[in-house]
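I have placed the structure first, in the form of structure tokens, so that the comments after it can refer back to it.
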Number of protein chains: 2
Amino acid sequence: MGEHETPIATVDVALFTLGEGNLCVMLARRPDNAKVFPGVFALPGGYVHVTEDDDTGACARRVLRDKAGLSAPYLEQLYTFSGKFRDPRAWSLSVAYYAVVPATELTGKSLCLAPVDDLPALPFDHNQIVTAAVRRLRGKAAYSSLPTFLLPEKFTFDELHSVYQQVIGVELNKVSFRRKIENQGIVVPIAGEKQYGAHRPAQLYRVAEDALKEFDQTL
Amino acid sequence: MGEHETPIATVDVALFTLGEGNLCVMLARRPDNAKVFPGVFALPGGYVHVTEDDDTGACARRVLRDKAGLSAPYLEQLYTFSGKFRDPRAWSLSVAYYAVVPATELTGKSLCLAPVDDLPALPFDHNQIVTAAVRRLRGKAAYSSLPTFLLPEKFTFDELHSVYQQVIGVELNKVSFRRKIENQGIVVPIAGEKQYGAHRPAQLYRVAEDALKEFDQTL
DNA sequence: TAAATAGTGTCTATCAGACATTATTCT
DNA sequence: AGAATAATGTCTGATAGACACTATTTA
């Protein structure tokens, strides 16, 4: 078997968070000296550095660190997009990841957040990547603890309920939702901690584990 | 941004079928002149040919055509495996696919089929790829028409039931299973066609559509 | 008519959703 | 007391599983 021309290998990351009640994806301005699409907003991404990255997951974490200063969000490989024409430079292959972080992790950073349901036109096949990532996120939200990664450390039950609804995009019965969440052991009450307001105070919760937990049944 | 060394880009395919009641994966003998692991059984795979393949899916179909003579089985991208050490030659990146075909498509071809629950040690990280593919297949089987791709064109309800059980690995209530399948419209009876035996003859069915259909609920 | 498998009718336990009720704070 | 939100108790309709029963063939 002789040597072949190898494709370009890159990693792109769709970083999700909640902004003003909408599910948003982070966009980064491409450098002005980029060979293609200079100065255009796109998903953060970059070449795989074989001397620097242990694997594509490490590459994705490096991209997030460099472009958003994030250390350890929820990160999952999504899909690998490839083809002759997706990058004007050459036959290319992009391993797409998606990440989920609470909005509190992004405060102060000057980032561009775009609501996923009202996205501008993006270069390459990045609109397709976001669409696929949203589909995955929404799909998993219905039967996993994934939406909890959008919440800050402490939260009330109503916040949890609201985040699930926002992500999935449908109304969820409050009583059934509470039953389900309690059965699955997704969250645990923080003893003695309550959120006060002009009403009965709400119990504060935290996630039971840092890992993603999949439910055995639908919400 | 300067030029970087690019990783090796390959595609590997886990081809599933049923052999003697077991879920099996196809293995191919690597050529004797291969640079690494010559003559060893492994998942069929190959380099991405940027001049020949439109994308990695086309590459996977080419691999299946060349190594198993298959034209259009169910094919789905699984995951991209990557890293410094997974290939002794260099930093490499393998886009893994899995395919599902009825055993009848493989008769006559001299192929090696290994039961997935009793797999030999494979080169590279191919055991890991098969494990991930089996998990995906079993996961999807429970709420989709995926197992129908293991069946021949015509089949009885009991065969359908049996294939689902074999793939998922648990017993499924026959009455509930029939109700569910009927509700989902996965299969349609073939008018006037029955399979005869020393008992009441069984209605023959075919799949309703060629595409994968996902259920709204679990079996 | 016995054996074997195909296919259906129906009861029940479980559970999601709906609704009503109680709880606890602030104004 | 009234407003506001938190949290729980209980009824009901839908449905998965269990079981029993009927159907149709060959031997």
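A note on names: the letters A, B, ... follow the listed sequences, proteins ahead of strands, and every chain is numbered from 1.
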What one-letter contact string describes nucleotides 9-14 of chain C from 5' to 3', where B marks a base within less than 4.0 Å of any protein heavy atom, S marks contact via sugar-phosphate atoms alone, and - marks no contact? BB----
Look at the side chain of A:R200 and decide which nucleotide, out of D:dT25, D:dA23, D:dA7, has an atom nearest to it. D:dA7
Listed nucleotide nearest any side-chain atom of B:N173, set C:dT5, D:dA18, D:dA7: D:dA18
Whole angstrom is fine here: how far is it from CD1 in B:I181 over to P in D:dA16? 12 Å
Protein-nucleotide distance (A:N183, atom CG; D:dT8, atom P), rounded to Å: 13 Å
Taking NZ from B:K174 and P from D:dA18, how many angstroms apart are they, rounded to a whole number? 14 Å
To the closest 0.5 Å, what do you measure between SG (A:C59) and CG (B:L93)? 10.0 Å
Specify the separation, in whole Å, of atom CD of A:Q203 and atom C1' of C:dT25. 15 Å
Atom-to-atom span, CZ of B:F215 to C1' of D:dT15 - whole angstrom: 16 Å
Using the side-chain heavy atoms of A:H199, tell me which of these nucleotides is nearest: C:dT25, D:dT24, C:dG7. C:dT25
C:dA16 phosphate, OP1 or OP2: any side-chain N/O from A:K180 under 4.0 angstrom? yes
Report the distance from atom CG of B:L204 to atom C1' of C:dA6, rounded to the nearest whole Å. 12 Å
Just by modelled atom types, is the A:Q128 backbone N or O under 3.5 Å from a matching donor or acceptor in the A:D125 side chain? no
Please determine, by modelled atom types, if B:Y143 and B:E214 share a side-chain donor-acceptor pair under 3.5 angstrom. no
Indicate yes or no for a side-chain donor-acceptor contact from A:Y97 to the backbone of A:G57 under 3.5 Å, with no hydrogens or angles considered. yes
Side-chain donor or acceptor of A:H126 paired with backbone N/O of A:A42 under 3.5 Å: no
Tell me whether A:R206 contacts the main-chain N or O of A:P189 through its side chain, where contact means a donor paired with an acceptor under 3.5 Å. no
I'd like to know whether the aromatic ring centres of B:F16 and B:F149 sit less than 6.0 Å apart in this structure. no
Whole Å only: how far is the CZ atom of B:F177 from the P atom of D:dA18? 15 Å
Check the angle between the aromatic planes of A:F177 and A:F157 and answer parallel, tilted or perpendicular using the 30° and 60° thresholds. perpendicular
In whole Å, what is the span from the CZ atom of B:R178 to the P atom of D:dG17? 15 Å
Among residues 187-195 of chain A, which ones have heavy-atom contacts with DNA chain C below 4.0 Å? none
OP1 or OP2 of D:dG17 versus the side-chain N and O atoms of B:S176: is any pair under 4.0 Å? yes
Does A:G185 offer a backbone N or O that forms a donor-acceptor pair with the side chain of A:K213 under 3.5 Å? yes
